[in-house]
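Below is one structure, written out as structure tokens, with a few remarks after it.
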Amino acid sequence: MSSNIETHQIETRVFKPSKDFSKTSLVGSLAEYKKLHAASLKAPAKFWAGQAADLFWRKKWKTVLDWKPPFAKWFVGGQLNASENCLDRHLDGPRRNKAAIIWEGEPGEKRVLTYQQLHREVCVFANILKRNGAKKGDRVIIYLPHIPEAAIAMLACARIGAVHSVIFGGFSSTSIRDRIEDCGATLVVTADAGYRRGQTVTLKQNVDQALEGVTTVKRVIVFRRAGLDIHIQEGRDVWWHREAEYVSADCPAVALDSEHPLFILYTSGSTGKPKGILHTTAGYLLGAVITTKYVFDLKENDTYWCTADIGWITGHSYIVYGPLASGATVLMYEGAPNWPQPDRFWKIVAEYGVTILYTAPTAIRAFMKWGDEWPKKHDLSSLRLLGTVGEPINPEAWIWYHKNIGAERCPIVDTWWQTETGAMMITPLPGAIPAKPGTATLPFFGIDAAIVDDKGQEVGPNEGGKLVIRKPWPSMLRTIYGDKARYKQAYWSEVKGCYFTGDGARRDKDGYFWIVGRIDDVLNVAGHRLGTAEVESALVGHDDVAEAAVVGRPDEMKGQAVVAFVTLRNGIPATKELAEKIRKHVGNVIGPIAKPDEIRFTEALPKTRSGKIMRRLLKQIASGQAVTGDTTTLEDLSVLAKLKQGDE
Ligand code: 7RM
């Protein structure tokens, strides 16, 4: 039996970049992209050395790459500072008084910080950190709402060489404690509370619980966001605004080695404890900056909005480091997309004249479910480029986004990358690479992506296999914090000499990469291996289906039976007849082998807090097992309880 993943449906729609868009883009044709990409792979050191000129260096590097597999050091001998790259370098010219961050709170407050103001705030907070004992190399936990202070705290850490580890504000005290203990943090930056769907989220209280029994943390710096009455532990907790009275706004950025750790970001492994992904200064920053430049085709007067939370890698690379180092105007919105109504995003786009919007397929499917009338209420004509990230986007959602948000005018960049890769890896360049709904298209410059079989051999067109990266790249993770063995095991042992992404994919005849799902989730039905993305895309292609997740359940006859968890569009009743129709629909679209053996209707799917479906949990539920393993990343625990009830 072949272990390759099969494909049964080929998407044929192609959307070419418009002439107008290509004319003003850095890369204006497919031929030019191909030439540049080939050159970048032929002489990677030369390519990356050329790109590195985009950064502001205190001391030029000597060696581009020191590669002792699987450990890489980039731009060895160089020195720079990420905070200086994001701030100081913009202060001498017209960007000084340009908006760096435009922020809107969920309750409606507005703030604008120019580059000059942001620089000042960062310097003040860097001095607060120092005053409270933070030193170069110390780990600082940032657990804040989605407010400018989150970016300020990150850049302040970078300024003094402290290593930040941002924890998304939705995580519980147990998750915080695990992360603090894993990285040995000495300082925590938090707020009294944040806002989400009109409710306050009591961050400081979670920190208090997390710190019970923790000995490494010496100080907690608290930002006052909501004005709540909170517990202050004398000798440990201090207020941000009070500390600010004691420090100056003068804090020169320290020159740091290229390989100085910039941050640790925890990502949940499918089992076991979360992995502390470590990124270092120069390579990471370079990856974030050049992808921002080429993929978002950034122009000086863009208003750029990435809707991710700063606590995810997408927020790190494409709210903070990439756009700010590029001198962009970044919009930040604190709250939920459907608060107070399902048109909040579109209201914001219209009000601020957003030109670039970067969001996730899960959000797009939610907008589809809420109805076309919401975006229609607003003038979205300022938009010129759309992006997606986080999951394979099903062609239906891509087309909806294209029509209802992009008015068939805006290119869509479907960007494939990971916390571990630091920056976008497979992505269209909007003026050069024709898009096809559902594919992240072609690898970025310097990225040597391939699809291989179990023996590590590259497979042919439309044959599914493992997605690997064959050459090191500057923004790659350096290790899992404190666990080199796990780093080797998780990423460099599956396919000899290659970085293993954990994703399954195929390339079509044009060389485009189609992600078919995580390798661990691939279904095995009567000897046929099917990626989850294709079956789920067929399911949500049915008019009544809003979202779907498929998993395999052990089956004596077929090896695995296909179980589909399905949420319906608003107002559609869940009936046996409908389940049968949906099964038939999948059979018609893909073929009889993909026809789900069972449809389970559910009000919601279990998702991580960044919106990815947790198929691991569904697999356990579908096969009647107890749900085990890490559930701390689950967004809404009640979903799990409901799914389990449905089981009884
Ligand atoms: C940026 C981010 C990484 C995983 C990755 C994929 C999936 C992300 C896409 C995608 C298909 C995309 N980092 N993924 N982007 N799949 N098309 N454009 O999400 O570390 O949180 O997740 O997400 O499975 O391996 S992450």
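Whatever order the structure lists them in is the order used to number ligands and atoms, beginning at 1.
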Which protein N or O atoms sit under 3.5 Å from any N or O of ligand 1? Give each pair with its distance.
{"from": "ligand 1", "atom 1": "13 (N)", "to": "T419", "atom 2": "N", "distance (Å)": "3.4"}
{"from": "ligand 1", "atom 1": "14 (N)", "to": "G390", "atom 2": "O", "distance (Å)": "3.3"}
{"from": "ligand 1", "atom 1": "15 (N)", "to": "G390", "atom 2": "N", "distance (Å)": "3.0"}
{"from": "ligand 1", "atom 1": "16 (N)", "to": "P392", "atom 2": "N", "distance (Å)": "3.3"}
{"from": "ligand 1", "atom 1": "17 (N)", "to": "E391", "atom 2": "O", "distance (Å)": "3.3"}
{"from": "ligand 1", "atom 1": "18 (N)", "to": "D414", "atom 2": "OD1", "distance (Å)": "2.7"}
{"from": "ligand 1", "atom 1": "18 (N)", "to": "T415", "atom 2": "O", "distance (Å)": "2.8"}
{"from": "ligand 1", "atom 1": "19 (O)", "to": "K612", "atom 2": "NZ", "distance (Å)": "2.8"}
{"from": "ligand 1", "atom 1": "20 (O)", "to": "T419", "atom 2": "N", "distance (Å)": "2.8"}
{"from": "ligand 1", "atom 1": "20 (O)", "to": "T419", "atom 2": "OG1", "distance (Å)": "2.7"}
{"from": "ligand 1", "atom 1": "21 (O)", "to": "K612", "atom 2": "NZ", "distance (Å)": "3.4"}
{"from": "ligand 1", "atom 1": "22 (O)", "to": "K612", "atom 2": "NZ", "distance (Å)": "3.1"}
{"from": "ligand 1", "atom 1": "23 (O)", "to": "G390", "atom 2": "O", "distance (Å)": "3.2"}
{"from": "ligand 1", "atom 1": "23 (O)", "to": "K612", "atom 2": "NZ", "distance (Å)": "3.2"}
{"from": "ligand 1", "atom 1": "24 (O)", "to": "D503", "atom 2": "OD1", "distance (Å)": "2.9"}
{"from": "ligand 1", "atom 1": "24 (O)", "to": "D503", "atom 2": "OD2", "distance (Å)": "3.0"}
{"from": "ligand 1", "atom 1": "25 (O)", "to": "Q418", "atom 2": "NE2", "distance (Å)": "2.9"}
{"from": "ligand 1", "atom 1": "25 (O)", "to": "D503", "atom 2": "OD1", "distance (Å)": "3.1"}
{"from": "ligand 1", "atom 1": "25 (O)", "to": "D503", "atom 2": "OD2", "distance (Å)": "2.9"}
{"from": "ligand 1", "atom 1": "25 (O)", "to": "R518", "atom 2": "NH1", "distance (Å)": "3.1"}

For this session: Please name all residues satisfying side-chain contact (heavy atoms from CB on, under 4.5 Å) with K496, sequence neighbours left out, ordered by chain then number.
Result: none
Pairs under 3.5 angstrom only: tabulate donor-acceptor contacts from the side chains of residues 471-484 to other protein residues two or more places apart or in another chain.
{"from": "K471", "atom 1": "NZ", "to": "D448", "atom 2": "OD2", "distance (Å)": "3.4"}
{"from": "W473", "atom 1": "NE1", "to": "T421", "atom 2": "O", "distance (Å)": "3.2"}
{"from": "S475", "atom 1": "OG", "to": "T421", "atom 2": "O", "distance (Å)": "2.7"}
{"from": "R478", "atom 1": "NE", "to": "A72", "atom 2": "O", "distance (Å)": "3.4"}
{"from": "R478", "atom 1": "NE", "to": "E259", "atom 2": "OE1", "distance (Å)": "2.9"}
{"from": "R478", "atom 1": "NE", "to": "E259", "atom 2": "OE2", "distance (Å)": "3.1"}
{"from": "R478", "atom 1": "NE", "to": "T280", "atom 2": "OG1", "distance (Å)": "3.3"}
{"from": "R478", "atom 1": "NH1", "to": "P474", "atom 2": "O", "distance (Å)": "3.0"}
{"from": "R478", "atom 1": "NH1", "to": "M476", "atom 2": "O", "distance (Å)": "2.6"}
{"from": "R478", "atom 1": "NH2", "to": "E259", "atom 2": "OE2", "distance (Å)": "3.0"}
{"from": "R478", "atom 1": "NH2", "to": "T280", "atom 2": "OG1", "distance (Å)": "3.4"}
{"from": "R478", "atom 1": "NH2", "to": "P474", "atom 2": "O", "distance (Å)": "3.0"}
{"from": "Y481", "atom 1": "OH", "to": "R139", "atom 2": "NE", "distance (Å)": "3.1"}
{"from": "D483", "atom 1": "OD1", "to": "R486", "atom 2": "N", "distance (Å)": "3.1"}

Report, one line per pair, each donor and acceptor closer than 3.5 Å where one atom sits in a side chain of residues 392-401; sequence neighbours left out.
{"from": "N394", "atom 1": "OD1", "to": "R365", "atom 2": "NH1", "distance (Å)": "3.0"}
{"from": "W400", "atom 1": "NE1", "to": "D372", "atom 2": "OD1", "distance (Å)": "2.9"}
{"from": "Y401", "atom 1": "OH", "to": "G387", "atom 2": "O", "distance (Å)": "2.9"}

Problem set entry | Reference residue K466; test salt bridge (Lys or Arg N to Asp or Glu O under 4.0 Å); the match among D453, D454, D503 | D454
Problem set entry | K436 NZ to I412 CD1 distance, which is reported to the nearest 0.5 Å | 15.5 Å
Exercise. Think R179 forms a cation-pi with Y143, using NZ or CZ under 6.0 Å from the six-ring centre and within 45 degrees of its axis?
Worked result: no
